[in-house]
Structures are given as structure tokens and as C-alpha cells.
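Worth knowing before you read on, the calculation uses all heavy atoms, side chains too, and leaves out hydrogens, waters and symmetry mates. Keep in mind it's a predicted model, so treat the numbers as computed, not measured.
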Amino acid sequence: MTLAWHDVVGTLGVLFIVGTYFLLQLGRLHSTLLSFSILNAAGAALILVSLTQEFNLAAFLIESIWLLISVYGIVANLARRKDGKPVVRG
């Protein structure tokens, strides 16, 4: 089995997202932390890059939404930090 570059990139994106979720379930990462949103955004972005080579509408939609939600989380986290509000851990 030969993997193309976009397969490697997409697989790395999947590992970011699944790994982040696993760390959340283990209690090693909290959903309100900036790193949580950054890892999810990076994973979704990598999957979207892989979809430029082998497009799938359903995957494109879910990863686009995942990326938008993650970007919202990043912006909200940075806004809380700027305002001096504590980052709440869940």
C-alpha cells in the first residue's frame, strides 16, 4: 500500500483530532484551554488539505464546521485572556 502525501496529511489531522479527544477523556486536557482548540483546528485544517486531492462533500462539511468551531474557541480564549478573565477548566 502506497500512501500519497495527502493521505499522510489527512491521517495526521485525524490523529490530532482523535488524540485531542482522547486526552480530554483522560482528563489530561480541558476543553477550555487554548491548546484544545488549536489542536482541533490544526487537525481539521490538515484533513481539509487532504480533501483538496480526493474530495468528499460530507468530510468537507464536517471538517469545515469543526474548523470554524475551533477558530471560535481560539478567539474566545484569547479574548478572555485579553480581558483578564480566568480560563475556566471543565
>> For residues M1 and W5: do they belong to one hydrophobic cluster (side chain heavy atoms under 4.5 Å, members Ile, Leu, Val, Met, Phe, Trp, Tyr)?
In response: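 In one cluster: no.
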What's the separation between atom [atom1] in [X] and atom [atom2] in [Y], rounded to the nearest 0.5 Å?
| X | Y | atom1 | atom2 | value |
| --- | --- | --- | --- | --- |
| L33 | T20 | CG | OG1 | 11.5 Å |
| S31 | L24 | OG | CG | 6.0 Å |
| L34 | R80 | CG | CZ | 9.0 Å |

>> Tell me which pairs pass ring pair (Phe, Tyr, Trp, His ring centres under 6.0 Å) where either residue lies in residues 63-82, with sequence neighbours left out.
In response: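 Listed by first then second residue: nothing to list.
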> Y21: what forms a ring-ring contact (aromatic ring centres under 6.0 Å, His included) with it, not counting sequence neighbours?
Replying inline: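 Partners of Y21 under the ring-ring contact (aromatic ring centres under 6.0 Å, His included) test: none.
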Output side-chain donor-acceptor pairs under 3.5 Å for residues 56-65, partner residues at least two apart or in another chain, one line each.
unit_1 : atom_1 : unit_2 : atom_2 : d
N56    : OD1    : A58    : N      : 3.0
N56    : OD1    : A59    : N      : 3.0
S64    : OG     : F60    : O      : 2.7

>> Do N77 and S37 make a side-chain contact, defined as non-hydrogen atoms from C-beta onward lying under 4.5 Å apart?
In response: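 Heavy-atom side-chain distance check fails, nothing below 4.5 Å.
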For residues 48-55, run the donor-acceptor check on the side chains, cut-off 3.5 Å, and write out each pair with its distance to 0.1 Å, sequence neighbours left out.
unit_1 : atom_1 : unit_2 : atom_2 : d
S50    : OG     : I47    : O      : 2.6
T52    : OG1    : V49    : O      : 2.6
E54    : OE2    : H6     : NE2    : 2.9

Check: residues 9-16 side-chain donor-acceptor pairs under 3.5 Å, at least two apart:
unit_1 : atom_1 : unit_2 : atom_2 : d
T11    : OG1    : D7     : O      : 2.7

> Has the side chain of N40 got a donor or acceptor atom that lies under 3.5 Å from a matching backbone atom of F36?
Replying inline: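 Checking the backbone N and O of F36 against the side chain of N40, a donor-acceptor pair under 3.5 Å is found.
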